There are 2 protein chains.
Amino acid sequence: MNSLDDNDGSVTADDVAAAAGVSRWTVARAFKKDASISRKSRERVIAAAEALGYAPDLLASGLASDRSGLVAIITNDFNNPHKLVLLERLTRILWAKGWATLLMHMSDSDDASAALLAASQRRVDAAVLIGTRFNDAVLNTALGARRVKKLVIFARYSQNPGTLTIACDDVIAMRDIADHLLEKGYRRPVFLAGPDTQSAKLHRKSTFTAYWQERTGTPVPTLHADAYDSGASIARVTRFLAGQSPDRRPDVMVCENDIIAIGAIDAMRCHLGLRVPQDIAVTGFDDIPLAASPAYLLTTYRQPITAMTEKLLEVLEGKVTHDVHLPGRLVLRATT
Amino acid sequence: MNSLDDNDGSVTADDVAAAAGVSRWTVARAFKKDASISRKSRERVIAAAEALGYAPDLLASGLASDRSGLVAIITNDFNNPHKLVLLERLTRILWAKGWATLLMHMSDSDDASAALLAASQRRVDAAVLIGTRFNDAVLNTALGARRVKKLVIFARYSQNPGTLTIACDDVIAMRDIADHLLEKGYRRPVFLAGPDTQSAKLHRKSTFTAYWQERTGTPVPTLHADAYDSGASIARVTRFLAGQSPDRRPDVMVCENDIIAIGAIDAMRCHLGLRVPQDIAVTGFDDIPLAASPAYLLTTYRQPITAMTEKLLEVLEGKVTHDVHLPGRLVLRATT
DNA sequence: ATTATAGTTGCACGCGCGTGCAAGACGCGG
DNA sequence: CCGCGTCTTGCACGCGCGTGCAACTATAAT
């Protein structure tokens, strides 16, 4: 094995420069999009780089330029399949634009600070929070000591100053759902939400109940599951409906998201012997893959994840510096 | 705001050194576990670091030491909820030991090379492949040009040389499943696997069919879904069972993983009017959360993900350099 | 041919920290 | 008091690349 072959990944710009007969900086320019470099040298550099198998070291590049090209994705909710959809979209679209994603788990017990600190130690250009249960108050203290350049709350509401929100427009969404239910003739909804213990605003709940009251003059009872997973939802719904006489029963259960809606349906069918939608209708939110399965055919609301991710790109590039709320789409299936 | 307050994340070891009245290298030693440093200086440094809000820059550290502390997790399968379980476990356990995880999407069309190249540009210490559908042949060429220090195939079989496999022991697993089915009196199984188009070895399928033939003397018919998702599974199972007379019907469908098993159940119940397990039993693999829901109660096989992840840690630390196969556990529920 | 202009190239310095070595400080027995 | 071993500390150099500026070359206009 001669010395030209054993490029064990340690081919630097200097090597390419030597091979192409130019300086190291010309090599860098050849890889930069609109740098001032002649076509001839660029071609020569590219050819040499290809021959040597050179690829810029993004770690060194990040250190020198103070732009790591890294985005931390922080979540505390791995129970919801919707997170998988978010992760897929985020990593794929960000990667296509040259961003790498650092996936971080933020445990419930300790606050977001630990995750944000770890992210800052990697010099991330931005941190994206896609958890559902982080506490706004705690987040504030984390922000106080923050070193992360940009902090984006993704697919969730937050009025936190110093934070950017990119989310589906819950107001439009919940109105669409309410309008649909009213049109279908439903009159006694119950809203099933996630945990009530955090300071996190339960935006969908308040929006729906306010709008329903505005249109019908009647208030909407609400339930809270202990967690954002189907098990907690099953338990709560079973407890709520068990022994309730059919005439006092709600005619539709509006759920804060799909995984909770799925749990509600499971409770109704498997534990209470109720039919969906004949006995009770159900709506969800997110449009996770399971919602489309023939076993559920859940009427739900699809968030515009791709559009949201593209907005995130603009935030990363500094083109957008304000909150973004995008409309989604009501997906009608068989549970209403 | 005085100059002590505006430490906008740019507190370096030099600042701490000045504040503590020592040299920068003593600061570094204070943060290193068993470095030769006196208790007194360490305490002084730690105090100064805390006061200034100092945290080592892992990017610079990685550049200097050639150990980035980064692990790339590469997958091409975001349709299977099991991936979410894997991601949760991997990120959480690796992070607890100081490793950060880079999540990368490896599209089906282009090979693994692009992802591995991107990973190497970030100087990852290892790349972990948790996809289900990557092509072994293509992987070989990617390995040829590789710069990634370690490549681990996680939760999947691969005989690729130069690669380390950490997986559940499929041989034990499929035998356990077969033994269980035989004991329950099932005699006409069908094996439902994922796509057959790649060169990837369908290890569970061959192991099950071989063992079943060995024990009963009868071969096992096999089916292949077009993809590892429930939609493809539903389509394949519906096509297979439609119009089949009850006496020629298999009495149990053994599935390569849970998401395919769920699809099979959906097809049987929703499209064919069959009952599970009365008309056909079903087994899965992975024990995804959905398998435990009352709507399915799927008998399945749980991979020892935590133990596998801990083995991965040992691989990262260089303690383990050979393939690892760990036994899982059969989880009996209501579909058999 | 001369000068202005744009286009192109090279370079010193720095990003923050690790490594290996050499120098200094300290304690102990002789 | 000296000499020795051990513990502790400081430092030169490098990791690979970006930035801003200065120098240089080619092209066009005078």
Side-chain angles (χ1 to χ4, degrees), chain A residues 7-46 48-49 52-70 98 120-125 147 149, chain B residues 7-46 48-49 52-70 98 120-125 147 149:
Chain A
N7 41 349
D8 55 333
S10 59
V11 188
T12 75
D14 279 312
D15 301 332
V16 179
V22 297
S23 73
R24 179 168 70 72
W25 297 272
T26 301
V27 173
R29 272 187 266 266
F31 282 87
K32 204 168 170 180
K33 212 169 126 230
D34 22 43
S36 82
I37 184 178
S38 68
R39 203 165 48 82
K40 208 172 62 182
S41 347
R42 170 166 273 155
E43 280 167 4
R44 191 139 33 120
V45 168
I46 297 292
L52 292 173
Y54 168 75
D57 183 326
L58 266 27
L59 224 157
S61 160
L63 181 60
S65 70
D66 203 35
R67 276 178 285 101
S68 62
L70 281 178
S120 76
Q121 288 191 264
R122 302 268 172 197
R123 289 192 171 220
V124 297
D125 291 326
R147 292 176 190 71
K149 300 173 199 164
Chain B
N7 42 349
D8 55 333
S10 59
V11 188
T12 74
D14 279 312
D15 302 332
V16 179
V22 296
S23 73
R24 180 168 70 72
W25 298 271
T26 303
V27 174
R29 272 186 269 265
F31 282 88
K32 204 168 171 180
K33 211 168 128 229
D34 22 42
S36 83
I37 184 176
S38 68
R39 203 165 49 80
K40 209 172 61 182
S41 346
R42 170 166 274 156
E43 280 167 5
R44 190 136 36 116
V45 168
I46 297 291
L52 292 173
Y54 168 76
D57 183 327
L58 266 28
L59 221 155
S61 160
L63 182 60
S65 70
D66 204 34
R67 278 178 282 102
S68 62
L70 281 177
S120 76
Q121 288 191 263
R122 302 267 172 196
R123 289 191 170 221
V124 298
D125 291 327
R147 292 174 190 72
K149 300 171 197 165

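The figures that follow rest on heavy atoms only: side chains count, while hydrogens, waters and symmetry mates do not. By convention in this document, chain letters (A, B, ...) are assigned in the order of the sequence lines, proteins followed by strands, and residues within each chain are numbered from 1. Please read all numbers here as calculations on a predicted model, not as lab measurements.
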*Asks:* Please determine whether a side-chain nitrogen or oxygen atom of B:Arg123 lies at a distance below 4.0 Å from atom OP1 or OP2 of D:dG16.
*Replies:*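 For B:Arg123, the contact criterion (side-chain N or O under 4.0 Å from OP1 or OP2 of D:dG16) is met.
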*Asks:* Which atom pairs, donor and acceptor, lie under 3.5 Å between side-chain atoms of residues 61-68 of chain A and protein residues at least two apart or in another chain?
*Replies:*
from	atom 1	to	atom 2	distance (Å)
A:Ser65	OG	A:Ser61	O	2.9
A:Ser65	OG	A:Arg67	N	3.2
A:Ser65	OG	A:Arg67	O	3.4
A:Asp66	OD1	A:Arg123	NH1	3.0
A:Ser68	OG	A:Leu70	N	3.2
A:Ser68	OG	A:Arg123	O	2.5

*Asks:* Whole angstrom is fine here: how far is it from CZ in A:Arg122 over to P in C:dG16?
*Replies:*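 After rounding, the gap between these two atoms is 17 Å.
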*Asks:* Looking at residues at least two apart in the chain, or sitting in another chain, which of them share a side chain to side chain donor-acceptor pair (under 3.5 Å) with A:Ser41?
*Replies:*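 Scan of A:Ser41 (side chain to side chain donor-acceptor pair (under 3.5 Å), adjacent residues dropped) gives A:Ser38.
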*Asks:* Could you work out, with salt bridge (Lys or Arg N to Asp or Glu O under 4.0 Å) as the rule, every residue matching B:Asp15, not counting sequence neighbours?
*Replies:*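 For B:Asp15 there are no salt bridge (Lys or Arg N to Asp or Glu O under 4.0 Å) partners, ignoring immediate neighbours.
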*Asks:* Can you check nucleotides 9-11 of chain D for protein contacts, nitrogen or oxygen pairs under 3.5 Å, and list what you find?
*Replies:*
from	atom 1	to	atom 2	distance (Å)
D:dT9	OP1	B:Ser38	OG	3.2
D:dT9	OP1	B:Ser41	OG	2.4
D:dT9	OP2	B:Ser38	N	3.2
D:dT9	OP2	B:Ser41	OG	3.3
D:dG10	OP2	B:Ser23	N	3.0
D:dG10	OP2	B:Ser23	OG	2.7
D:dG10	OP2	B:Thr26	OG1	2.7
D:dG10	N7	B:Arg29	NH2	2.8

*Asks:* Take atom CZ of A:Phe31 and atom C1' of D:dG18, then tell me their distance rounded to the nearest Å.
*Replies:*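 So the two atoms are 15 Å apart, to the nearest Å.
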*Asks:* Below 3.5 Å, can you tabulate the donor-acceptor pairs from side chains in residues 20-28 of chain A to any protein atom, sequence neighbours excluded?
*Replies:*
from	atom 1	to	atom 2	distance (Å)
A:Ser23	OG	A:Thr26	OG1	3.3

*Asks:* Quick one: A:Asp66 CG to C:dC17 P, roughly how many Å, whole number?
*Replies:*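 Taking CG of A:Asp66 and P of C:dC17, I get 13 Å after rounding.
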*Asks:* Between the axis at one end of the helix from C:dA1-D:dT30 to C:dG30-D:dC1 and the axis at the other (five pairs apiece), what's the angle to 10 degrees?
*Replies:*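 The angle separating the two end axes equals 40°.
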*Asks:* A:Val16 versus A:Val45: any side-chain heavy-atom pair under 4.5 Å?
*Replies:*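 A side-chain contact exists here, since the closest heavy-atom pair is under 4.5 Å.
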*Asks:* What is the distance, rounded to the nearest whole Å, between atom CZ of A:Arg44 and atom P of C:dT8?
*Replies:*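 Taking atom P of C:dT8 as the reference, CZ of A:Arg44 is at 14 Å.
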*Asks:* Heavy atoms within less than 4.0 Å of DNA chain D: which residues of residues 54-65 of chain A have one? Give them sorted by number.
*Replies:*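 The answer is A:Tyr54, A:Pro56, A:Asp57, A:Ala60, A:Ser61, A:Ala64, A:Ser65.
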*Asks:* Is there a donor-acceptor pair under 3.5 Å between the side chain of A:Arg29 and the backbone N or O of A:Arg42?
*Replies:*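 A pair under 3.5 Å: no.
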*Asks:* Measure across B:Arg122 and A:Leu59 and return the closest heavy-atom pair with its distance rounded to 0.1 Å.
*Replies:*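 Looks like O-CD1, 3.5 Å.
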*Asks:* Rounding to a whole Å, what distance do you find between A:Asp15:CG and D:dC17:P?
*Replies:*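 Rounding to the nearest Å, CG of A:Asp15 and P of D:dC17 are 9 Å apart.
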*Asks:* Tell me, please, which residues at least two apart from A:Ala55 pass side chain to side chain contact (heavy atoms under 4.5 Å, CB included).
*Replies:*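 Result, side chain to side chain contact (heavy atoms under 4.5 Å, CB included) vs A:Ala55: B:Leu117, B:Gln121.
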*Asks:* Starting at CZ of A:Arg39 and ending at P of D:dA26, how long is that distance when rounded to a whole Å?
*Replies:*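 After rounding, the reported distance stands at 16 Å.
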*Asks:* Which part of the nucleic acid does B:Lys40 contact within heavy-atom distance under 4.0 Å: base, sugar-phosphate only, or nothing?
*Replies:*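 Nothing, no heavy atom under 4.0 Å.
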